[in-house]
J.: 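Here it is, the structure in full.
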Amino acid sequence: MKFTKMQGLGNDYVYINGFIEKIGNPAELAVKISDRHFGIGSDGLILINPSSVADFEMEMYNADGSRGEMCGNGIRCVAKYVYDYGLIDKTQISVETLSGIKYLVLTVENQKVVQVRVDMGKPELKPDRIPILAEGETVINVPIEVDGREYKMTGVSMGNPHVVIYMDDIQHLDIERIGPKFENHECFPNRINTEFVKVLDRNTVEMRVWERGSGETLACGTGACAVAVACVLGGLTEEKITVRLLGGDLFIEWDWEKDTVYMTGPAEVVFDGEWKEEKDV
Ligand SMILES: N[C@H](CCC[C@H](N)C(=O)O)C(=O)O
């Protein structure tokens with residue numbers, strides 16, 4: 001089975017061309033190939049498939065085999081893959097995801113995609129998209145007790161669920177301890193992606209993320225969008241911000257007139273390879 005390893009700000013996935021390769025059990029394959037010692041090593045698996053409603057379909061799995069409704073860094077790499085590998089020659093494309101069709105604008109230099117701007121869609125603030133105990137109220141600075149300590153969380157769904165936690169110091173955060181306790185908290189029956197954020201000024205924040213199904217990643221596109229929405233709702237930043245992640249910067253804009261969030265960032269190929277499995281799953 002041929003694959004391409006790609007990364008968006010260090011959030012790395014194995015990409016498979018679903019027009020050519022047929023994967024019997026993608027969830028099982030995601031677990032196998034994501035292992036950084038016994039597999040290829042990645043934050044998960046992304047299949048690029050035909051679609052009857054868009055140019056392509058993105059089918060995304062976390063490293064634990066769970067399906068993600070959307071993946072911001074992943075969809076930018078999908079755009080780079082389909083253009084650079086000749087599946088399409090347009091610089092405006094559409095990609096079907098579990099959280100609807102996304103529209104992307106590709107920046108090309110020397111016949112290669114170097115940057116992608118994604119219309120990430122409308123942020124959902126209603127608890128029914130973020131299953132939490134505080135049903136019925138918009139989830140802004142709602143208290144939650146985790147590991148014996150109270151935090152204030154703001155819930156935002158970008159098709160996948162996020163909670164944003166503000167902190168004065170994220171550098172020394174014991175994310176390996178606290179991350180899983182948020183991820184698996186009883187408040188979140190579908191588990192949760194958690195962003196830990198320090199606001200630097202009205203146009204800049206820094207964040208770390210513990211991702212549902214993958215643990216700490218170097219970047220999270222949907223998470224950066226959720227953070228921007230939370231910060232604007234909390235009156236902490238302007239609608240256009242730079243989100244500084246461990247893997248680099250994303251540029252996020254919440255367009256209030258259109259009520260949609262735009263994310264702009266890079267996408268890169270790491271290498272092409274072949275996965276030799278006794279029996280392809
Ligand atoms: N772990 C996420 C999916 C990947 C999101 C992230 N890698 C991104 O770039 O948006 C979830 O289970 O909802």
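Whatever order the structure lists ligands and atoms in, that order sets their numbers, starting from 1.
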J.: Can you tell me if Arg67 contacts ligand 1 (heavy atom of the residue under 4.0 Å from the ligand)?
T.: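 Per 4.0 Å heavy-atom rule, Arg67 does not contact ligand 1.
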J.: For ligand 1, which atoms have a heavy atom of Gly72 less than 4.0 angstrom away?
T.: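 Numbered from 1, ligand 1 contributes 8 (C), 9 (O), 10 (O).
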J.: Please determine whether any non-hydrogen atom of Met158 lies less than 4.0 Å from an atom of ligand 1.
T.: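 In this structure, Met158 fails to qualify as a contact of ligand 1 - no heavy atom is under 4.0 Å.
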J.: Can you tell me if CD on Glu274 sees more than 12 non-hydrogen neighbours from other groups inside 6.0 Å?
T.: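 Atom CD in Glu274 is crowded, with more than 12 foreign heavy atoms closer than 6.0 Å.
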J.: Could you tell me if any non-hydrogen atom of Cys71 lies under 4.0 Å from any atom of ligand 1?
T.: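 Heavy atoms of Cys71 do come under 4.0 Å of ligand 1.
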J.: Give the atom numbers and elements of ligand 1 that come within less than 4.0 Å of a heavy atom of Met60.
T.: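 Near Met60, meaning under 4.0 Å from one of its heavy atoms, ligand 1 has 3 (C), 4 (C).
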J.: Answer side chain, backbone, both or neither: which part of Asn73 comes under 4.0 Å from ligand 1, heavy atoms only.
T.: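 Both backbone and side chain of Asn73 come within 4.0 Å of ligand 1.
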J.: Tell me which protein heavy atom sits closest to atom 4 (C) of ligand 1, plus the residue, atom name and distance to 0.1 Å.
T.: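 Its nearest protein heavy-atom neighbour is Glu211 OE1, 3.2 Å.
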J.: What distance do Ile101 atom CD1 and Asp55 atom CG have between them, rounded to the nearest 0.5 Å?
T.: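 Ile101 atom CD1 to Asp55 atom CG measures 9.5 Å (nearest 0.5 Å).
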J.: Could you check Tyr262 against Tyr103 for ring pair (Phe, Tyr, Trp, His ring centres under 6.0 Å), going step by step and ending with a plain yes or no?
T.: CA-CA 10 Å; Tyr262 293 99; Tyr103 297 90; over 10 Å; no
J.: Check Met70 against ligand 1 and report side chain, backbone, both or neither, counting heavy atoms closer than 4.0 Å.
T.: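 Looking at Met70 and ligand 1, just backbone atoms fall under 4.0 Å.
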J.: Can you measure from NE2 (His185) to CD (Glu183) and round to the nearest 0.5 angstrom?
T.: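 One gets 13.0 Å once the value is rounded to the nearest 0.5 Å.
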J.: Going by atom types only, do Thr4 and Asp272 share a side-chain donor-acceptor pair under 3.5 Å?
T.: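 Thr4 vs Asp272: donor-acceptor pair found between side chains.
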J.: When you look for heavy atoms under 4.0 Å from ligand 1, do you find them on the side chain of Asn62, its backbone, both, or neither?
T.: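 Under 4.0 Å from ligand 1, Asn62 contributes side-chain atoms alone.
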J.: Tell me: protein heavy atom nearest atom 2 (C) of ligand 1, and distance?
T.: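 Result: Asn193 OD1, 3.3 Å.
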J.: Is a side-chain N or O of His162 found less than 3.5 angstrom from the main chain of Ala224, in a donor-acceptor match?
T.: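 No, His162 side chain to Ala224 backbone: no donor-acceptor pair under 3.5 Å.
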J.: Answer yes or no for Tyr13: is there a heavy-atom contact with ligand 1 below 4.0 Å?
T.: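 Judged by the 4.0 Å heavy-atom criterion, Tyr13 does count as contacting ligand 1.
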J.: Of all the heavy atoms in Cys220, does at least one lie under 4.0 Å from an atom in ligand 1?
T.: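 Distance cut 4.0 Å: Cys220 passes for ligand 1.
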J.: Nearest protein heavy-atom contact for atom 10 (O) of ligand 1: which residue, which atom, what distance?
T.: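 Looking at atom 10 (O) of ligand 1, the protein heavy atom closest to it is Thr222 OG1, 2.6 Å.
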J.: With a 4.0 Å cut-off, would you call Asp12 and Arg36 a salt bridge?
T.: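 Here Asp12 pairs with Arg36 in a salt bridge, since their nearest N and O are under 4.0 Å apart.
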J.: Any chance the side chains of Asp119 and Thr260 put a donor and an acceptor closer than 3.5 Å?
T.: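 Judged by distance alone, the side chains do pair up.
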J.: Roughly how far, to the nearest 0.5 Å, is OG1 of Thr154 from CD of Glu195?
T.: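 Between Glu195 CD and Thr154 OG1, I get 11.0 Å after rounding to 0.5 Å.
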J.: Salt bridge between Lys258 and Glu253, side-chain N to carboxylate O under 4.0 Å?
T.: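 No, this pair does not count.
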J.: What protein heavy atom sits nearest atom 9 (O) of ligand 1, and how far off is it?
T.: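 Its nearest protein heavy-atom neighbour is Gly221 N, 2.8 Å.
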J.: List every atom of ligand 1 that sits less than 4.0 Å from any heavy atom of Asn11, numbering the atoms from 1 in the order shown and giving each element.
T.: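 Within the 4.0 Å cut-off of Asn11, ligand 1 contributes 6 (C), 7 (N), 9 (O).
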